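This report concerns only the one structure given below.
This is a predicted model, so every value here is computed, not measured. In listed order, ligands and their atoms are each counted from 1.
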Amino acid sequence: MTQGRLYPNYLGIELGIAEKLAIKAIAAATGEVEDRVSAAYRKTGDLGTVAEDLLRGKGQLRFGGERLTVDEVYATFDKIARSRGPGSTESKIKLLTELLAKSTPAESKFIIRMAVGKLRLGVADMTILDALAVAHGDGKDSRTLLERAYNLSSDLGVVATTLLTGGMNAIESFKVTVGKPIRPMLAERLSDPREILDKMNGTAAAEYKYDGLRVQAHVSQEEVTLFSRRMENITDQFPDVQKLLKEKLAAKEAIVEGEAVPVDSTTGDIQPFQAISQRRGRKYDLERMVEVIPIALFLFDLLYLNGRDYTQDQFLERRNTLGELVEGRERLNLSSQIIVNEAGQLDKFMEQAIADGCEGLMIKSIGPDSAYNAGARGWNWIKYKRDYKSEMQDTVDLVVVGAFSGRGRRGGTYGAVLLAAYDQKDDVFRTVCKCGSGFKDEDLSKLASLLKKYLIPHRHARVDSKVEADAWFTPELVLEVTGAEITLSPVHTCGIGIVRPGSGLAIRFPRFTGRWRDDKSPEEATTQTEVIEMYQTQLKKLG
Ligand code: AMP
């Protein structure tokens, strides 16, 4: 109550008394007309002082000599916060009026300020932890352990109760609880792979850094609760993620963390993050959204499992146990990870991450001190991101050289095509992306029928590809495609070895524009040289 709150923030329950209702309660408790209360409020700008002045004017000192207790105020506010539905407005006014009738003028000031959400003493969570350390712990030194307990529960009330009932021993052995969000561990940032490895004492785990929404999932027999990075309860926005965990995570009770990422409903490829944000705040067409923009969850940490708190364990212990719960099932995956000890490995893995639709890498310590540091930003996690993003200015015309079988709604037909640019010098077609986006249903059936006549049983001799397609074609059909940008790629062969040894170029997040370039022969498609030029212009523009 010192903070003007009744519950921990993550519960998202507001006291929620509108000023209009507070005015009614003040009027009822003081016997004034509402207009006078409103007029006084307009003058002072503080309903608390208005209540105090009016009660004092009325000569109210204390109801029957009885003192209002903190417990009683809390219990009444709790009732107010929980009253919902028809008749709740009247009952809120009544409860508040009764409180005011029992309070002294000074008490009424704070009761009203708290009711309307304007009690601002400026007492931060950390100040309360300091106070608890001094008042009930072993002095200031207890602060670190108290803070840890707070980071593991996000609930000052529970920390205080634990301390007052079990002392510092109980705080020392404080464990996470399913249903109470753990404050997330955060990363530092560096842009030089050598420096990163130095910080990690030479070896570390490198993971794809997915560009999505961080989700902390609390799974129990009864329910699955999802918390955001800011510890808001976002369960309702992601019924599909809830279902995924309920059905596919092999654990009775667990707290896991991962990144929720939008994927293409037919190819399973990662989509740009914007797709996920379209879901937020949409209540009504959520059902449709869940189908159009499915979500995959890439789990990267385990904090609790079947009665055991894992937050103090080393990272690889947590990760290995997590691996046993997830066996690469569709849409519920582990984050891609390798163990690295050379800067070159980091750069290669980075290229692969970008090519797979990620925004960079997360490098994580695997040393003896690699516990999960709840609520802390530190060097145990380092993000390695490219610090630019760009947009492709022009569309490109690419040749279909292969295709992949569709899944889900695209079962029985092609889900995506393998596209190539033309290399004039060697007279071959070199792959530059796999594209499954932008095709409407009618485009897909047209695609299948057009491609029928070019189908061949193996890769065409003029096609240079490291990717294995499900079907191969004589290079003939040309499509217009847009994309987010051109990036280095470990898998595509367009421009291979020209920009960087061993790397080709790829179009990121490619999308069919709807234009069939049947006016173009495959040799008139966008050339490798043009793709390289586009890549270089893009780099120049980014400085
Ligand atoms: P940033 O938001 O740029 O500070 O980067 C940290 C965020 O990256 C985390 O909060 C996660 O949401 C996200 N992330 C994506 N992939 C991973 C991963 N493999 N491990 C940890 N965090 C990840």
May I have every N or O pair linking ligand 1 to the protein at under 3.5 Å, one per line with atom names and distance?
unit_1	atom_1	unit_2	atom_2	d
ligand 1	2 (O)	R229	NH1	3.1
ligand 1	3 (O)	K209	NZ	3.4
ligand 1	3 (O)	K383	NZ	3.1
ligand 1	3 (O)	K385	NZ	3.2
ligand 1	4 (O)	K383	NZ	2.3
ligand 1	5 (O)	K209	NZ	3.0
ligand 1	8 (O)	K209	NZ	3.1
ligand 1	10 (O)	R214	NH1	2.9
ligand 1	10 (O)	R229	NH1	3.0
ligand 1	12 (O)	E259	OE1	2.5
ligand 1	12 (O)	E259	OE2	3.4
ligand 1	16 (N)	Y210	N	3.1
ligand 1	19 (N)	E207	OE1	2.8
ligand 1	19 (N)	Y208	O	3.0
ligand 1	20 (N)	K364	NZ	2.8

query: For D441, which residues count as a salt bridge (charged side-chain N to carboxylate O under 4.0 Å, His left out) partner, sequence neighbours excluded?
result: R409

message: Suppose the criterion is ring pair (Phe, Tyr, Trp, His ring centres under 6.0 Å): which pairs have a residue in residues 336-356, not counting sequence neighbours?
response: Y208-F349

task: Could I get the full list of side chain to side chain contact (heavy atoms under 4.5 Å, CB included) partners for N9, not counting sequence neighbours?
output: R5

query: Are E351 and R500 close enough for a salt bridge, meaning some N to O gap below 4.0 Å?
result: yes

message: Once rounded to the nearest 0.5 Å, what's the spacing between atom CZ of F300 and atom CE of M362?
response: 6.5 Å

message: Between D240 and R331 (salt bridge meaning N to carboxylate O under 4.0 Å), is one present in this structure?
response: no

